[in-house]
There are 2 protein chains.
Amino acid sequence: MPEVPPPAPTGDELLRVLSALGNPHRMRIVAALLESRNYVSALAREIGMSRPLLHMHLQRLEAAGLVVGTLELAEDGKAMKYFDVTPFFYELTPGVIARAAATLTEAEKTEAEKEEAK
Amino acid sequence: MPEVPPPAPTGDELLRVLSALGNPHRMRIVAALLESRNYVSALAREIGMSRPLLHMHLQRLEAAGLVVGTLELAEDGKAMKYFDVTPFFYELTPGVIARAAATLTEAEKTEAEKEEAK
DNA sequence: GGGTCCTGTCAGCCTTTTCTGACAGGTACG
DNA sequence: CGTACCTGTCAGAAAAGGCTGACAGGACCC
């Protein structure tokens, strides 16, 4: 098994993932898409959510790399954007969090940076 | 290996954890506490954050079970609340999210739930 | 007593996120 | 043509989260 994924996500990456998954609607979206890929309008109807709102949530999930959308042409010529769940895997432990926090770019932070800057 | 951690967190639990960790300040707090336990005021100074604000973040982390605070009496009689990081462990995969999403209580989902609960 | 630490909480502001209702475009079918 | 789907985006309202400054109490030391 050559697959030895180094569990060392960037602070920013992990932050995107966690804040993306830390939302009930988005958790449900992932669950629904895992059961069966779907396109935006149908998914919106399925989980009872307005389309613009779902669009926003999907954007957030895709930005975090948890979901991918592909624009496909149906037989009848309609353009439909199908979304699939990516096989992501993250481990959440104090160590992982600490290592990630150390690489947070998160704009001008306090003492640490200023001290270093001297 | 008797260690077979059942990765089946409740929807609500996982939601609390993810939204707690999905914040740069709180990631940093966990990182700082992992390096060395500390009490509120000192930690506030260390990471350059107002005490009431840190208090709120610690509350959120503790509610998620990622951190525990114990009120200890110092020699000089001062009451200080020391915080420690708990050895938490969560796996983040599509399947885990889906299973968790299925158990989301999602607070007051109208009276429908209460009706169902009967 | 006054000063210095520690703890906690509160009202109110400010920023971000969430959400809705419109609007835009495209292609196909009757 | 109008209708029915699909896609996207926008302004602005509503809700949630983040943050500050002030206040409360308690225990110590000078």
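Within every chain, numbering begins at 1; the chains are lettered A, B, ... in the order of the sequence lines, protein sequences first and strands thereafter. Keep in mind that this is a model prediction, so the values were computed, not measured. Because only heavy atoms are used, hydrogens play no part in the values below, and waters and symmetry mates are left out as well, while side chains stay in.
Listed pair Lys81(B) / dG8(C) meets the phosphate criterion, a side-chain N or O lying under 4.0 Å from OP1 or OP2. For dC19(C), one of the phosphate oxygens OP1 or OP2 lies less than 4.0 angstrom from a side-chain nitrogen or oxygen of His25(A). Distances shown here put a side-chain N or O of Asn23(B) below 4.0 Å from the OP1 or OP2 atom of dG18(D). Between Ser50(B) and dG21(D) there is no side-chain N or O to OP1 or OP2 distance below 4.0 Å. Applying the 4.0 Å criterion to OP1 and OP2 of dT9(C), one finds that His55(B) has a side-chain N or O inside that range. In this structure, Ser41(A) does not reach the dC5(D) phosphate: none of its side-chain N or O atoms is under 4.0 Å from OP1 or OP2. For the pair Arg45(A) and dC6(D), the criterion of a side-chain N or O lying under 4.0 Å from OP1 or OP2 is met.
Look at CG on Leu54(A): it is 15 Å from C1' on dT9(D), rounded to the nearest Å. Across the protein-nucleic acid pair, Leu58(A) atom CG and dC19(C) atom C1' stand 15 Å apart, rounded to whole Å. Atom-to-atom, CZ of Phe83(A) to P of dC6(D) comes out at 15 Å; the value is rounded to the nearest Å. Here dG17(D) presents its C1' atom at 8 Å from CZ of Arg26(B), a figure rounded to the nearest Å. Look at CG on Leu73(A): it is 12 Å from C1' on dA28(C), rounded to the nearest Å. For the pair Asp76(B) CG and dA27(D) C1', the computed distance is 8 Å after rounding to whole Å. Remark: P of dG18(D) and CG of Leu15(A) are 11 Å apart, rounded to the nearest angstrom. At whole-Å resolution of the value, CE in Met80(B) and P in dG8(C) are 11 Å apart.
Scanning both residues, Phe88(A) and Leu92(B), for their nearest heavy atoms gives CD1-O, 3.5 Å. Heavy-atom minimum distance, Met80(B) versus Ala74(B): SD-CB, 3.9 Å. When all heavy atoms are compared, the tightest approach of Val30(A) to Val85(A) is O-CG2, 3.6 Å. Contact record, Arg26(B) with Ser19(B): NH2-O, 3.2 Å, taken as the closest heavy-atom pair.
Candidate nucleotides dT20(D), dA22(C), dT7(D) were compared by shortest atom distance to the side chain of Tyr39(A), and dT7(D) ranks first. The side chain of Val40(B) sits closest to dG8(C) out of dG8(C), dT9(C), dC5(C). The Arg60(B) side chain lies nearest to dG17(D) when the options are dC19(D), dT18(C), dG17(D).
With the nearest nucleotide of DNA chain C identified for both Lys78(B) and His57(A), Lys78(B) has the one nearer the 5' end. Comparing Met56(B) and Gln59(A) by the nucleotide of DNA chain D whose heavy atom lies nearest to each, the residue mapping closer to the 5' end is Gln59(A).
Counting any heavy atom pair closer than 4.0 Å across all strands shown, Glu72(B) reaches no nucleic acid atom.
Using a cut-off of 4.0 Å between Lys/Arg side-chain N and Asp/Glu carboxylate O, Arg37(B) and Glu72(B) are scored as salt-bridged.
Within 6.0 Å of CD on Glu35(B) lie no more than 12 heavy atoms contributed by other residues, nucleotides or ligands.
For Arg51(A) and dG8(D), a side-chain-to-base donor-acceptor distance below 3.5 Å is present, hydrogens and geometry of angles not being considered.
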